[in-house]
Student: 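Here's a structure for you.
Remember, it's a predicted structure, so these values are computed and weren't measured experimentally. Here is how names work: the chains are called A, B, and so on, in the same order as the sequence lines, proteins then strands, and each is numbered from 1.
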Amino acid sequence: MNPALEIYYEKVVLITGSRRGVGRLIAEYILHNGGKVIGFARGEATINHPNYKHYQLDIGSSSSVLECFAELKKSTDRLHILINNAAVLTSQYAMIMPPASAQAMFNTNLMGAFLVSREASKLMRKARWGRIINIGSMAVSLEPIGDSVYAATKAGLAKLANVMAKELAPVNITCNTLSITAIKTDMLAQLPQNKISSVIAGLPIPRYAEPDDIFNIIDFLSSVRSSYITAQTIYMGGVN
Amino acid sequence: MLDKEVVQKIILQSLRNLNDERDLGEQIAVSLGTRLFGIDADLDSLSLVSLIVDVEDAISNQAGLVISLTDDRAMSQINSPFNDVKALTEYIQLLLSEPV
């Protein structure tokens, strides 16, 4: 049997930021491997699949998240895996970073992940099994100029996972962070090419991440066999 | 609005559900006087959290509206609504009596 099929078959997976970029790649991969995907995003669905259900919301809004979960619970009381992927990025020197852009990063990247994890873990608790995977960033380790707030939110995201890992361990829910390196997405396209090239050249494995590099770690963290892996941050490409 | 007996029944059932997840030697004595919070509480912290989540869910389902038992107001009450089943019942009734 295809190992990924064994991991995701009939599993219900919630992915935030599922419309594009890494979130969409992961959603399509899990759908391809027999999982059922619930997508949370600000915009309309970009995935058309019988096992995909889309909710349009701002995850940084507590009331929107609560309303969405109330709606979600009408159709399912099961949730096996949560992938907190949604993120926004404004790269700018802190001295001229617009406060509204900084606030938007905190709202989506950190508060949104907290609000969704909070509700998702209540559903997982009932089944006494779950996987929460936060999509972090190499920016936490590399600390590139311009990414002060973005890196701070992603560092916070990893800490969120680590503390929730302790709180949720008694109900067999693991919480981990996958800190990805640069992958060719819309988000990356916003950054200057010379900045990206310089960051990539400095990596121990100096290349862009490929989708399968990400799927490999998502598989590992989602697997039933990974029940003893929690509160960990996994970096890619040799970043540490 | 849910009456007092219904609210109490939901809380007591949620406590019994917690017992289903606990070993025989760790069973909680379920009654209106069960201490939910404080130094002499019958529940550990994770059990209290689980109880709150279950009660919120059940009340929301039965009353048809979302209630939050852990907002700033609950945390700032002089007499904690989590002292015992009776106090929690009264607090829930207060929340349910307010306009949405």
Side-chain angles (χ1 to χ4, degrees), chain A residues 12 14 38 40 55 57-80 82 111-130 132 160-175 227 230-231, chain B residues 1-2 9-28 36-37 41-76 81-82 88 91-92 95-96 98-100:
Chain A
V12 180
L14 170 54
I38 297 159
F40 278 11
Y55 291 85
L57 77 157
D58 171 8
I59 60 162
S61 155
S62 167
S63 57
S64 298
V65 171
L66 287 176
E67 280 167 25
C68 244
F69 269 90
E71 195 58 37
L72 177 64
K73 282 191 268 189
K74 289 178 188 168
S75 58
T76 183
D77 59 355
R78 294 184 312 154
L79 178 61
H80 301 100
L82 164 65
M111 194 63 188
F114 162 69
L115 292 170
V116 175
S117 300
R118 180 178 186 263
E119 297 311 308
S121 56
K122 292 178 190 174
L123 277 175
M124 292 173 179
R125 186 185 69 87
K126 289 181 181 169
R128 299 183 74 79
W129 195 92
I132 296 177
L160 177 72
N162 292 359
V163 177
M164 286 190 73
K166 288 183 184 170
E167 295 177 359
L168 297 171
V171 285
N172 303 314
I173 299 170
T174 65
C175 306
S227 61
T230 198
Chain B
M1 192 181 121
L2 304 180
K9 206 171 159 185
I10 287 172
I11 300 169
L12 294 173
Q13 184 56 49
S14 298
L15 282 167
R16 288 188 199 100
N17 292 346
L18 284 180
N19 273 339
D20 291 343
E21 299 172 5
R22 297 165 80 97
D23 293 335
L24 279 178
E26 295 175 346
Q27 295 286 298
I28 302 158
L36 308 177
F37 178 72
D42 297 304
L43 274 64
D44 57 40
S45 56
L46 182 62
S47 297
L48 176 60
V49 171
S50 301
L51 177 81
I52 290 168
V53 169
D54 284 347
V55 170
E56 277 181 346
D57 206 31
I59 296 284
S60 298
N61 285 340
Q62 292 211 23
L65 52 91
V66 176
I67 63 158
S68 172
L69 298 177
T70 52
D71 57 12
D72 293 340
R73 181 175 152 192
M75 298 306 179
S76 61
F82 303 110
L88 185 55
Y91 185 64
I92 290 170
L95 292 180
L96 292 174
E98 293 174 344
V100 179

Student: Examine whether an atom of B/Ser50 lies under 4.5 Å from a heavy atom of chain A, and if so say whether it belongs to the side chain, the backbone or both; otherwise answer neither.
Tutor: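 Answer is both: backbone and side chain atoms of B/Ser50 are under 4.5 Å from chain A.
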
Student: Can a salt bridge be assigned to the pair B/Asp57 and A/Arg125 using a cut-off of 4.0 Å between side-chain N and carboxylate O?
Tutor: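 No, no charged N to carboxylate O under 4.0 Å.
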
Student: Would one find more than 12 heavy atoms of other residues, nucleotides or ligands at under 6.0 Å from atom NZ of B/Lys9?
Tutor: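 Atom NZ in B/Lys9 is not packed in, count stays at 12 or less.
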
Student: Pick whichever of B/Val53, B/Val49, B/Asn17 has the most heavy-atom pairs under 4.5 Å with chain A.
Tutor: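 When all of B/Val53, B/Val49, B/Asn17 are compared, B/Val53 has the most.
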
Student: Where on A/Glu167 is there a heavy atom nearer than 4.5 Å to chain B: the side chain, the backbone, both, or neither?
Tutor: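 Just the backbone, heavy atoms under 4.5 Å.
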
Student: Please say whether more than 12 non-hydrogen atoms of neighbouring residues, nucleotides or ligands are located less than 6.0 Å from OH in A/Tyr55.
Tutor: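 Counting neighbours around OH of A/Tyr55, more than 12 heavy atoms of other residues, nucleotides or ligands fall under 6.0 Å, so yes.
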
